[in-house]
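The figures here come from the full heavy-atom set of this structure, side chains too, leaving out hydrogens, waters and symmetry mates. Every chain is numbered from 1 and lettered A, B, ... according to where its sequence line falls, protein lines coming before strand lines.
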Amino acid sequence: EADIYQTPRYLVIGTGKKITLECSQTMGHDKMYWYQQDPGMELHLIHYSYGVNSTEKGDLSSESTVSRIRTEHFPLTLESARPSHTSQYLCASRTGGGGNEQFFGPGTRLTVL
Amino acid sequence: SQKIEQNSEALNIQEGKTATLTCNYTNYSPAYLQWYRQDPGRGPVFLLLIRENEKEKRKERLKVTFDTTLKQSLFHITASQPADSATYLCALGPKSGNTPLVFGKGTRLSVIA
């Protein structure tokens, strides 16, 4: 079992609310990622970080922001949630160096009403 | 732009047969390729890594081949079981250390008893 945690696991909120999805890992990994995935669909990379104080946008345009102040913590924030944000959000991490496996968290299922 | 294709969205096979999944890519020169398994509602789990200078890797009932000339990887599950039913993702690994993995859309495998 990977030591990467996401909270909450499920969240139902109203439109316009600000939310933060938490992701923490205890493996000391320098690289962390956020993906968005609809049921039965492909993974879309929305943000990533390759170390403290580094953040990059992924392939999918997103209205979310991230921060990386500590190695183990990589929260994702939606300033104003919309129904189009309804999806599963997966956090992942890996250590530097070629070929190392990527560990995924259990995901947060977000529903915006 | 880089593109990664997995042979089909869904593959149905009879229990005991060998399942073969295909991953093709274009406009990319990966240093390695990884295969992941994803069950519904969960994050992907790493299965196997194969590097660009390797032709074949095996792990228990799993076998992966990698042909950098054809730009293709084949993933085999021998003596398949209903418990092997899941979505399988291939991922291309970059030569540059900080570039994220590029994931395919996945192939949904169903093993019928």
Side-chain angles (χ1 to χ4, degrees), chain A residues 1-6 9-10 21 23 25 27 29-52 54-60 66 68 74 87-110, chain B residues 1-6 8-10 23 27-54 57 59 62 64 66 73 85-110:
Chain A
E1 198 76 14
D3 295 322
I4 179 165
Y5 310 98
Q6 291 186 242
R9 293 293 312 279
Y10 302 91
L21 308 184
C23 176
Q25 50 92 7
M27 298 174 281
H29 290 170
D30 51 348
K31 297 177 172 58
M32 296 190 73
Y33 308 86
W34 276 104
Y35 295 87
Q36 185 177 339
Q37 185 179 38
D38 293 322
M41 304 298 285
E42 64 188 294
L43 289 168
H44 290 286
L45 179 67
I46 48 177
H47 293 284
Y48 63 101
S49 165
Y50 37 83
V52 170
S54 94
T55 60
E56 301 286 341
K57 292 195 174 188
D59 307 319
L60 181 68
V66 292
R68 188 88 183 276
F74 191 42
S87 189
Q88 182 174 34
Y89 293 82
L90 289 163
C91 181
S93 72
R94 63 199 290 245
T95 192
N100 292 315
E101 68 180 277
Q102 190 155 297
F103 293 89
F104 284 82
T108 294
R109 168 73 62 193
L110 173 65
Chain B
S1 62
Q2 62 206 26
K3 191 173 179 183
I4 181 169
E5 286 186 356
Q6 295 194 238
S8 59
E9 285 190 12
C23 177
N27 299 324
Y28 202 91
S29 294
Y32 57 90
L33 189 146
Q34 297 177 339
W35 284 88
Y36 289 77
R37 170 183 172 140
Q38 186 174 24
D39 291 292
R42 305 186 69 143
V45 175
F46 171 82
L47 294 174
L48 278 169
L49 159 75
I50 187 165
R51 299 188 184 280
E52 61 178 331
N53 61 346
E54 297 174 318
K57 289 286 276 290
K59 179 181 176 182
L62 308 180
V64 172
F66 193 12
S73 174
S85 299
T87 296
Y88 292 87
L89 309 170
C90 66
L92 303 179
K95 286 184 164 60
S96 165
N98 285 335
T99 306
L101 295 173
V102 178
F103 280 90
K105 293 182 180 182
T107 296
R108 188 172 64 253
L109 174 67
S110 296

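Within residues 44-52 of chain A, the residues that have a heavy atom under 4.5 Å from a heavy atom of chain B are A/Leu45, A/Tyr48, A/Tyr50, listed by number.
Interface check for chain B: of the options A/Asp59, A/Leu43, A/Asp30, the most heavy-atom pairs under 4.5 Å are formed by A/Leu43. With chain A as partner, the option from B/Gly41, B/Gly106, B/Pro40 having the largest number of non-hydrogen pairs under 4.5 angstrom is B/Gly41.
At a 4.5 Å heavy-atom cutoff, A/Glu56 makes no contact with chain B through either its backbone or its side chain. Within the 4.5 angstrom heavy-atom criterion, only backbone atoms of A/Asn100 (N, CA, C, O) approach chain B. Only the side chain of B/Leu89 comes within contact range of chain A, judged by heavy atoms closer than 4.5 Å.
Checked by atom type and distance alone, the side chain of A/Trp34 pairs as donor or acceptor with a backbone atom of A/Phe74 at under 3.5 Å. Panel note: side chain A/Ser93, backbone A/His29; no donor-acceptor pair is recorded below 3.5 Å. A/Arg94 contributes no side-chain N or O that, together with a main-chain N or O of A/Lys31, makes up a donor-acceptor pair within less than 3.5 Å.
Here A/Tyr89 pairs with nothing under the ring pair (Phe, Tyr, Trp, His ring centres under 6.0 Å) rule; sequence neighbours left out. Considering only residues two or more places apart in sequence or on other chains, B/Thr87 meets the side-chain hydrogen bond (donor to acceptor under 3.5 Å, both in side chains) condition with none of them. With sequence neighbours excluded, no residue forms a side-chain hydrogen bond (donor to acceptor under 3.5 Å, both in side chains) with A/Gln88.
Salt-bridge annotation for B/Glu5 and B/Lys105: absent, with no side-chain N of the basic residue lying under 4.0 Å from a carboxylate O of the acidic one.
The CG atom of B/Leu33 sits 5.5 Å away from atom SG of B/Cys90, with the distance rounded to the nearest 0.5 Å.
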